[in-house]
Each structure stands twice: as structure tokens, then as C-alpha cells.
Chemist: 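Below is a structure I'd like to ask you about.
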Amino acid sequence: MDPDSRRGGGRMNTYAIDFETEYSKTLSIPIQGVYRYIREADIYMVSIVGPDIEWVGHPQECPHWDALVGAHLIAHNMSFDGAILNHLMERGQIPQGVGSGGMDCTADMAVYFQGPRNLAGACKQLLGNYDAIDKSMRSYMKGRQWHEVTEPQRGMMLEYALKDSLACMALWNQWQEAWPQWEKELSQHNRTMAWRGVNVDSELAKEYQDTLERVRWESEQEIPWTNDTDKILSREWFDIECRRVGLTPPKSLAKTDDDATAWFEAHRDLHPFITAVGTWRQSNTLLAKVETLNNGIRDDGRYTPTLKYYGAAVTGRYSGDAGFNMQNLPRDPIQGVDLRKVFIPSPGNKFVVVDLSQIEPRCMAWYVDDEKMLNMLRDGYPLYEAHARATMGFDGPKGSLKENKELDDVYRLAKAQILGLGYMCGAPRFVEMAWTLARLRITLEKSKETVKQFRKDNPLITDLWSNCDQWLKAAAATDRELTLDLPSGREIRYFDLDRIGGMKSSVTRGDEKKYFQYGGKTAENIIQGMARDVMCAAILRIEKAGYPVVFHVHDEVICDVPMDTEVQTIIDLMTTVPEWAEGLPVDAAGFETQYYKK
């Protein structure tokens, strides 16, 4: 199926499946990781529901496994239930080919429609009158093994497990046809990517853990109150020690607070405990990540990278899952630890890393039909230079802006503007963003001038803000729900809109939590959603061409490929424009490497 397809599709012989497993304070997925957890926990129950089956009991007593060979299976967390199926097939406990007709996840389906991810919430919001899902028996089983449970409680647990599969089937029957086929494929790929895993330098990962344990221990020796480990990061004890040595403590210890940063810089050399607290916190945080990674390394030397399909409720972008977050690896080494180096290609292979270049501003130019910008981009002008030519008066030779060091501030300002001002950012915030995005220091007055000029020079963008604002207001005044169509055919929705105290809405069905909405924010959702769809189409395209995407981070894919694979081949696949985005000037850059890096 072409990755630009918008069609839904069903399958015959679909069965819902749900496993129940032992768990406790010391045995759980966040602690052991999925791979170790499945191999250590007791898998004591499975429920199966389908056109000719309604059964619940111990997996080894199930008489229906042969019927599931070649069948299509669904589960409300197929990443987990599918991993158990794979494990049971590997051990020979169930026949090979169970679920070979395909596997789909109703939790992923629910979040595509901006419903809750959990089964109870999904049923309430997407099925309406469906009986409430009661998770009390699952909670009761925490810390208990099946042989410890009395007969009445076993009966209640069997009933609970069967009801989960019935609910899963009801969700599928009602919503699956509206779930586009290419979104199903993205959900499936997310699981394939996890189960396939990424190769790890396990010796380096263990070395990093040893290093961080040593650094943390050494920093503890410089902290006067380490006799109470639970209070090492206590603000109270930090303030007490500051006052004891004659210092006024900072108002905040947050790493993102400029005043706190200045305070630490001014005092770190005066008293060892000040540096030690920062080092301890830094090494302890990173150590937890490395421990999670080491616990999750499989017997085949690979790690299971887990991402949440549709992790962002409106835009649909992926987000990090529990445990080790592949989306948030430190860019630079910390205490001599460069986590990115841990991830390496399979033996005899290499990584090809390709990143979409400034995909959001390119999508913005396409969406608002900014022909002046689009023509320059299609003619090969770099994005920031094209913006400088269009609105900042730059007229130097093609490709010269970045190379001319005398115009470095012009280049940085162009970069900051196009990355920071497209979504209605105000002047005070732009002062911060100019530094974050382009390492450019500007005054508030300069920021006000820049913001005003950007809005004057980009009426197509400001018109989009105005249109979004009008759509929000119109929806708030009528049925209080706004649905917007993206170019790919995907829809994004805002629920329970109201203007009391400012325009707000929920972004998940039934969620009482509301977020402020305004024209610039809605425009951001549209453009980020479009960029997500461009990226996702590329992921499927690359996979279908035979190049495994072992993980992806934001707008970047990491492919584990044979040594003779050309980087340009992956770039060409990455920059192929979907049919629904004809004329979009997509660009990408890439390189090959023997370990993951930026």
C-alpha cells in the first residue's frame, strides 16, 4: 500500500487477544524492560474472542491456538501482547504462525481518534454506552501469583480478562474502517521496529554505568549531608549548608533558570559542595538511564527501542515511552559518557542517518502558498538565506549568506525568525528563542522591532493565524468542537471549546484538562501535523524499499544497512514528496557512521 493512501480496510478472521502476567514492585516493565519482564514473569492467563471463539484460561491449556495460525489478531497493547506471542512461539509453547495474518493495536487506534490510550477510557469515549471496564481485579493481582488466588477471586479475574478482549473487539468493529491503512502500517512498523531492536555495544554500556557510579560516589564525598542519601537533593539541606558558609541561597536550583546558572557559576569554585550537588544530580539522572538500558539489553545483544505511536494528541507525533527515552538522548557527552555511541549497527553493517531539513518552515511556506519562498527553495536556495532575501534585504550571491562571517548576525537572525516566529511568538519570548535556536543575543527592543517587521513581511502566515482564530471562535459559539483537515486527509480535533477566561479546549476526548488555544497555536498544530505526515510517509517508504529503520528521532531516521548502501539512496527516499503534498520543497541531509551521532 502506498504510504500516501487514505483508505481504511478490514480483515476477516479477526481475534482479540489479551494476556495477564504477574507483576509487583520489583517485577514490572519499567524495571526489567519488556524483553526481560516477559521472560521472568508468570504468564498465567490469556483471553481470546473472535467470530467462533470466546475462551479464557491458562495459555498452555488453550485449545484454540491452531485456529489463530494465519489469523489477524488485535490487542489493546499489541506491543506487549504481540511480544508475548513471539516469546511463546520461540519457546515452542504455541504453534508457529499465530497472528501471521497481521496484528493491530486498538490502543493505537484509539489515540489516532484522540481518545484515551487506556482501555477503560477508550471504551467510555469511543463506545459510549459500553459497560465500564473495571481494573480493580488487575490491581488486586499486584504482588500476587496465580496459585495464591482463591477460587472466587480466580473467577472474577477470568471474567475481567474476557471482558477486556470483548471490549477490544467492540472498539475494533466500530472504528477500524475509519483508521486509514497507512496509519495502521505506521502502528505496525512501530512494533516491528521495537521487536527487531537496535544493536548495542554492551561492553561500552557497562563501562558507562561503572563510570557514572564512580562519579556519583565521588561527588557524594563532597556533600556534607550525604549521611542521609534520601536528602542529597533536598532544597532544605542545600540552603542550610549555604547559610552555614555565609552564602545566600539562590531562589531556584532549576537548570533552566538564568539566575540560578549565574549563581552557580559565581560560587562553584568557592565551596566544593556546590559543584558536587550539580554533579551528583547530573550523574544520578544519567545513571538511571544507563541502568535501564543495560537491564533491557536482550540475549542477542540488541535493545528494544519503544516509542508511542501518536504520542502527541493533536499533531500525532511520536513520543518517548516508559523507561529509556530514545527521543531525549543527551546531545553532548556528560561526565565522559556519550550515550549515543552505545547504539551501533549490526555486524557488517553501518548506520545511515538522514534528517529532514527544516521541515516545518518548508511546510508552512507550502501550506500558505508563499510562492516567493517556494520558488527560491525549489531553485536550491538554503532556507534561511531564502528568508533573508524575501524579507530582510539580503541580495548577495546564491549560497553566500552562511559563508560570509561578516553577516553572521544576519544569518542567525534569519534562522531565529523562520524557526521562532511562524507560530505567533511574542517579543519577550523571542528574546529567549533567538538564543536557543540561533545562539543570537538580542535586546527586548530589538525583539519587538523584529517581531513587528516579521508579521508585516509575512501576511500569508498572519492570515493563517487569523483564520485559525476565527475557526476556534466559530466552533466555541456552536457545537464547541473543531475538526480541521490536514493535507494528508488526516483530521485533528479540539474538544469542549470555551472562551471563559480565554479560549481553551481539550485535545483528548473526555479529558477535563484544557489547554489555551489561539490562532498561532492552532497554526503550529496544523504545520507540525503536516510535517509529521511527511516524515511518517518517508519512514514507510524507506522500510518498503528494504532499508530497516531501527529507530527514529523527531525528523531523523537511523537505518541499519549493508556497507554498500549509498547515503544518497536513503536521502532520495526521504525526500520523495507524497502525492498529497505536490510541490513541497523537501530537503534532507545524511551521513554514514559506525555509531549513532548527530
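Given the structure is predicted, the values throughout are model-derived calculations rather than measurements.
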Chemist: Would you say that more than 12 heavy atoms from the other residues, nucleotides or ligands in this model lie under 6.0 Å from the CD of Glu566, or not?
Modeler: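 No - once you tally the heavy atoms of other residues, nucleotides and ligands closer than 6.0 Å, there are 12 at most.
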Chemist: Using a distance-only test with no angle check, is there a side-chain donor-acceptor pair under 3.5 angstrom linking Arg281 and Thr285?
Modeler: no
Chemist: Mind checking whether Asp338 and Tyr208 have side chains closer than 4.5 Å, heavy atoms only?
Modeler: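 Side chain of Asp338 against side chain of Tyr208, heavy atoms only: contact under 4.5 Å found.
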Chemist: Near Arg331 CZ, under 6.0 Å, is it more than 12 heavy atoms from other residues, nucleotides or ligands?
Modeler: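 Not more than 12 within 6.0 Å, no.
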Chemist: Considering non-hydrogen atoms only, spot the tightest contact between Ile232 and Trp225 and give its length.
Modeler: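 Scanning both residues, the minimum pair turns out to be O-NE1, 3.1 Å.
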Chemist: Rounded to the nearest 0.5 Å, what's the gap from CD1 on Ile29 to OG1 on Thr21? Could you check?
Modeler: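 That separation rounds to 7.0 Å.
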Chemist: If I take atom CG from residue Leu212 and atom CD1 from residue Ile334, how far apart are they, to the nearest 0.5 angstrom?
Modeler: 9.0 Å
Chemist: Identify whether NZ of Lys or CZ of Arg in Arg39 sits under 6.0 Å from the centre of the six-membered ring of Tyr35 and within 45° of that ring's axis.
Modeler: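 Yes - Arg39 lies over the ring of Tyr35, closer than 6.0 Å to its centre and within 45° of its axis.
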Chemist: Any heavy-atom pair between the side chains of Gln282 and Leu286 that's under 4.5 Å?
Modeler: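 Not in contact.
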Chemist: For a quick test of reading the model, state the closest non-hydrogen atom pair linking Ala276 to Ile223 and the distance between them.
Modeler: CB-CG1, 3.7 Å
Chemist: With under 30° as parallel and over 60° as perpendicular, where do the rings of Phe324 and Phe343 fit, or are they tilted in between?
Modeler: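 The rings of Phe324 and Phe343 sit tilted, inter-plane angle from 30° to 60°.
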Chemist: Donor-acceptor pairs are to be reported for all side-chain atoms of residues 80-87 against protein atoms at under 3.5 Å, with residues two or more places apart or in another chain.
Modeler:
unit_1	atom_1	unit_2	atom_2	d
Asp81	OD1	Phe19	N	3.0
Asn86	ND2	Gly82	O	3.3
His87	NE2	Arg91	NH1	3.3

Chemist: Please list, chain by chain and in numerical order, all residues satisfying side-chain hydrogen bond (donor to acceptor under 3.5 Å, both in side chains) with Asp239, sequence neighbours excluded.
Modeler: Arg235
Chemist: One pair to check against side-chain contact (heavy atoms from CB on, under 4.5 Å): Ile527 and Tyr423. What are the steps and the verdict?
Modeler: CA-CA 9 Å; Ile527 300 305; Tyr423 304 136; 3.3 Å; yes
Chemist: Do side-chain atoms of Asn294 reach the backbone of Ala205 as a donor and acceptor pair under 3.5 angstrom?
Modeler: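 Yes, because the side chain of Asn294 sits within donor-acceptor range (under 3.5 Å) of the backbone of Ala205.
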Chemist: Is there a donor in the side chain of Tyr112 and an acceptor in the side chain of Ser187, or the other way round, less than 3.5 Å apart?
Modeler: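 Checked: Tyr112/Ser187 side chains show no N/O donor-acceptor pair below 3.5 Å.
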Chemist: Could you walk me through whether Arg429 and Ser447 pass side-chain hydrogen bond (donor to acceptor under 3.5 Å, both in side chains), step by step?
Modeler: CA-CA 9 Å; Arg429 174 65 174 149; Ser447 181; over 6 Å; no
Chemist: At their closest point, which heavy atom of Pro345 faces which heavy atom of Tyr595, and how far apart are they?
Modeler: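 Result for this residue pair: CD-N, 4.4 Å.
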Chemist: CD1/Ile43 to CD/Glu22 distance, rounded to the nearest 0.5 angstrom?
Modeler: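 If we round to the nearest 0.5 Å, Ile43:CD1 and Glu22:CD are 10.5 Å apart.
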Chemist: Taking CD in Gln221 as the centre, count heavy atoms belonging to other residues, nucleotides or ligands within less than 6.0 Å. Is the count above 12?
Modeler: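 Result for CD/Gln221: enclosed.
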Chemist: Quick one: CD on Glu543 to CD on Glu185, what's the gap to the nearest 0.5 Å?
Modeler: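 Rounded to the nearest 0.5 Å, the CD-CD separation comes out at 11.0 Å.
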Chemist: So Tyr384 and Gln358, side-chain contact (heavy atoms from CB on, under 4.5 Å) or not? Walk me through it.
Modeler: CA-CA 9 Å; Tyr384 308 138; Gln358 311 104 7; 3.4 Å; yes
Chemist: Start with the C-alpha distance between Asp104 and Gln188, add both sets of side-chain angles, then the distance that settles side-chain hydrogen bond (donor to acceptor under 3.5 Å, both in side chains), and finish with yes or no.
Modeler: CA-CA 7 Å; Asp104 283 301; Gln188 293 159 6; 2.9 Å; yes
Chemist: For a side-chain contact (heavy atoms from CB on, under 4.5 Å) check, start with the C-alpha distance between Arg138 and Tyr23, then their side-chain angles and the critical distance, and finish with the verdict.
Modeler: CA-CA 10 Å; Arg138 176 63 178 160; Tyr23 77 112; 3.5 Å; yes
Chemist: Less than 4.0 angstrom from a charged side-chain N to a carboxylate O is my criterion; do Glu291 and Arg216 meet it?
Modeler: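 No, this pair does not count.
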Chemist: Count the heavy atoms of every other residue, nucleotide or ligand shown that sit under 6.0 Å from NZ of Lys350, and state whether that count exceeds 12.
Modeler: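 Yes, NZ of Lys350 has more than 12 neighbouring heavy atoms, counting only those of other groups under 6.0 Å.
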Chemist: Would the number of heavy atoms belonging to other residues, nucleotides or ligands and lying under 6.0 Å from NZ of Lys504 be above 12?
Modeler: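 Counting neighbours around NZ of Lys504, more than 12 heavy atoms of other residues, nucleotides or ligands fall under 6.0 Å, so yes.
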Chemist: List the atom of Asp555, the atom of Met574, and the distance in Å for their closest heavy-atom pair.
Modeler: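 Taking Asp555 first and Met574 second, the nearest heavy atoms are O-CE, 3.6 Å.
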Chemist: Please confirm whether Tyr515 and Tyr494 have ring centers closer than 6.0 angstrom.
Modeler: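 So the answer is no for these two rings.
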Chemist: Check this for me, if you would: do Arg36 and Asp299 make a salt bridge, where the nitrogen-to-carboxylate-oxygen distance has to be below 4.0 angstrom?
Modeler: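 Asp299 and Arg36: salt-bridged.
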Chemist: Quick test of your reading of the model: are Glu203 and Lys206 salt-bridged, counting only N-O distances below 4.0 Å?
Modeler: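 Answer for the salt bridge query: no.
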Chemist: If you apply the rule side-chain hydrogen bond (donor to acceptor under 3.5 Å, both in side chains), what do you find for Tyr310 with Glu183, and how did you get there?
Modeler: CA-CA 10 Å; Tyr310 230 92; Glu183 290 287 344; 6.0 Å; no
Chemist: Hey, what do you get for CD (Gln417) to CG (Leu413), rounding to the nearest 0.5 Å?
Modeler: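 It is 4.0 Å, given to the nearest 0.5 Å.
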Chemist: Looking just at side-chain N and O atoms, do Asp560 and Ser346 make a donor-acceptor pair shorter than 3.5 Å?
Modeler: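 Result is yes, a qualifying pair exists.
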Chemist: What are the two closest heavy atoms between Phe430 and Cys425, and how far apart are they?
Modeler: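 Residues Phe430 and Cys425, closest heavy atoms: N-SG, 3.5 Å.
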Chemist: Looking at every non-hydrogen atom in both residues, tell me the closest pair between Ala588 and Val354 and how far apart they are.
Modeler: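 Where Ala588 meets Val354 most closely, the heavy atoms are CB-CG1, 3.9 Å.
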Chemist: So with a 6.0 Å cut-off around CH2 of Trp435, is the heavy-atom count from everything else above 12?
Modeler: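 Enclosed.
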Chemist: Is there a side-chain contact (heavy atoms from CB on, under 4.5 Å) between Asp108 and Arg191 once you walk through the steps?
Modeler: CA-CA 11 Å; Asp108 284 355; Arg191 292 188 296 279; 3.7 Å; yes
Chemist: Take Lys251 and Asp259 through the salt bridge (charged side-chain N to carboxylate O under 4.0 Å, His left out) test and state the conclusion after the steps.
Modeler: CA-CA 8 Å; Lys251 293 181 180 179; Asp259 291 338; over 6 Å; no
Chemist: Nearest 0.5 Å, please: how far is CG in Asn349 from CG in Asn199?
Modeler: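 Rounded to the nearest 0.5 Å, the CG-CG separation comes out at 9.5 Å.
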